[in-house]
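The model shown is predicted, which means the values in this text are computed figures rather than measured ones. Naming: A, B, ... by sequence-line order, numbering from 1 per chain. These values consider heavy atoms only, across backbone and side chains, with no hydrogens, waters or symmetry-generated copies.
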Number of protein chains: 2
Amino acid sequence: MVTEENKSIEKRENILNVAEILFAQQGFEAVSIRELAKVADINIAMISYYFGSKEKLYEEIVLRKLTSTEKMKSIIEQHNTYTDKLFAISDLYADVFIENRNFHNIIFREMAMEQRTMMNAVITENLYKNFTLLSDIIRKGIKAGEFKKNIDIELVATTVIAVNKLFSTSPIVICKILNVDESEFTYGEKHKKRLKKYLHNLLTSYLAIP
Amino acid sequence: MVTEENKSIEKRENILNVAEILFAQQGFEAVSIRELAKVADINIAMISYYFGSKEKLYEEIVLRKLTSTEKMKSIIEQHNTYTDKLFAISDLYADVFIENRNFHNIIFREMAMEQRTMMNAVITENLYKNFTLLSDIIRKGIKAGEFKKNIDIELVATTVIAVNKLFSTSPIVICKILNVDESEFTYGEKHKKRLKKYLHNLLTSYLAIP
DNA sequence: CAAATTTAATTAAACGTTTGTTTAATTTTC
DNA sequence: GAAAATTAAACAAACGTTTAATTAAATTTG
C-alpha cells in the first residue's frame, strides 16, 4: 500500500540514493546541486527544502548506512569456534562492502582525508569499533588455543578490511586483474564466493595451528 | 649551485609539491586555485602561466610519479628465489606507498572513480602492469615448486597492494588501530618494519610449502 | 458533503559568492 | 631594450542557497 505520506518519503529517499551514487562516483565537491537535481528529477530548491543544505544531505547519507556493531555482534554470537566467528565477519565485510560499494567508496574517501571533520570523526569511530570486534575474536582465539601465538593481530584485522575494501571499491582495476569483462562484472555471487573463499584460506594458513 | 634558471624550476616544482599535498588531503575539486596560490605563496595567475590550467597541473602531478615497471623489474632481477623476489616487491610497495602517500591518496581516489577519464585509464594501466609483475612472480614460483599449487594468484597479488595501500593512506584510523599517538606516528621505520614483516609472514604461510 | 482555510510541496527566478581563467600593466631578468 | 616573470584587477560561468509566487494536499468549518 502506497499512502500519500509514503510518496513524500520515497522522494526524499530517492534523492539520498541518487546523491550517494553521484558522490561515490565523483566525490562530494564535484557533484553540483544542479546535476544532482537533474538526475533525481527534482527542482534544485528541494535539496535545501528536504535536507537544509548539501552538507547536511551528505551527513545523512553517511550516517544512515554505517554498519552497526550490533549486527556484527549478533553474527559473532551465532558461531561457536573462533575460526567460524572470524569467517562470518570476513564474509559480512564482503557482503556489506560489495552490496553498498557506492557508500563505502564515500567512506574510504573520507577516511583518506587528513583534515579532520565532524563526519570524519564519526566514520573513524565506527570503523574502529568494527575493527575492535575483529581483533577481539583473534585475541580470544589465541587464548583458546585455536590460533597461533605469534601473530600480528592488528594487521590481520586490517588485512580483512583492506582486501574486501579494494576488491569492492575499485571495480575497473579489479576487472582487469581478474581478467573479467567489465560489463559482465556486476559483483555477482561468483566473484563474491571467490573473494570469501580466498580470505578463508588466507586467514587459515596464517592463523590456524597446523 | 643555484643558478637563476634553477630558481624558476624550483618555483614550478614547489607548486607541484604543494598542490600534491592539498589534492591528496582534500580532493581535486575541493582545492581552489586561490587556496593553492596562498599556500604556495604565489600569484593565482602563475598556475595558468606555468601549467596552462588546473586540470593540466593535476595531470602533471599524477604522471610524474607513477612507479615505473622498470624499477620493479630491476629489483626482481636482483633476487634469486621467488620468495625473495616477492618479499622485495612487497617491501617496495610499502616504501613507495608510505614515502609518497599523498600521491597515492590521489591515485587510489582516482581509481575509485567509476567515470572513466584519460587520467583514469593511464593510472589503471600502470597499476595493472605492476600487478602483472607481482602475479608473474607467484606463477613462476608455483611452477618452480617453491609455492603451493592451489592458491589464488590474483587475489594474493591484490592483497599485497590492498594492505600496503590501506596502511599508508588512512593514517588516522590506522593510528587508532595500532594504538599509536597520531602526532608521533609519522610512518617511521618502526611501523614500516612491522608492516613489511607481517606481509612476509602472511605470504609465507599462504604460499610456502610446509 | 462541499466549500473555505491552512499547511505542505514545488517551482522559476534571483541572490551574493566563489570558481578557474584572462587581461593588461608592471617589475625583474638577461 | 627585449624577454620572461609577476602582479592586481576584471571576466564570465557556476556554485549553493534563498525568495516569493504557485500549485497540491490536508484539514477545518458550515
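- Nearest-nucleotide positions on DNA chain D for A/Y49 and A/S32 put A/S32 closer to the 5' end.
- Under the 4.0 Å criterion applied to side-chain N and carboxylate O atoms, B/D95 and B/K196 are assigned as salt-bridge partners.
- Rounded to whole angstrom, the span from the CD1 atom of B/I33 across to the P atom of C/dG20 amounts to 5 Å.
- Atom-to-atom, CZ of B/R34 to P of C/dT21 comes out at 10 Å; the value is rounded to the nearest Å.
- At a threshold of 4.0 angstrom between heavy atoms, the contacts of A/I47 with the nucleic acid are absent.
- Distance from the side chain of B/K11 is smallest for D/dT6 among the nucleotides C/dA9, C/dT21, D/dT6.
- Whole-Å rounding puts the A/I42 CD1 to D/dG16 P distance at 13 Å.
- At whole-Å resolution of the value, CD1 in A/I44 and P in C/dA9 are 19 Å apart.
- Looking at the side chain of B/N43, the nearest of the listed nucleotides D/dA8, D/dT17, C/dT21 is D/dA8.
- With A/F97 as reference, A/F108 is the one residue of A/F103, A/F108, A/F167 to meet the ring-ring contact (aromatic ring centres under 6.0 Å, His included) rule.
- The separation between A/K38 atom NZ and C/dT11 atom C1' is 17 Å, rounded to whole Å.
- The distance from atom OH of A/Y58 to atom C1' of D/dC15 is 18 Å, rounded to the nearest whole Å.
- Nearest nucleotide to the B/A45 side chain, out of C/dA12, C/dT10, C/dT22: C/dT22.
- The distance between atom OH of B/Y50 and atom P of C/dG20, rounded to the nearest whole Å, is 20 Å.
- At least one donor-acceptor pair closer than 3.5 Å links the side chain of B/K54 to the backbone N or O of B/V31.
- Ring-plane geometry between A/Y198 and B/Y206 is classed as perpendicular, the angle between the planes exceeding 60 degrees on a 0 to 90 degree scale with a lower cut at 30.
- Per the geometry, CD1 belonging to B/I15 stands 12 Å off C1' belonging to D/dA5, to the nearest Å.
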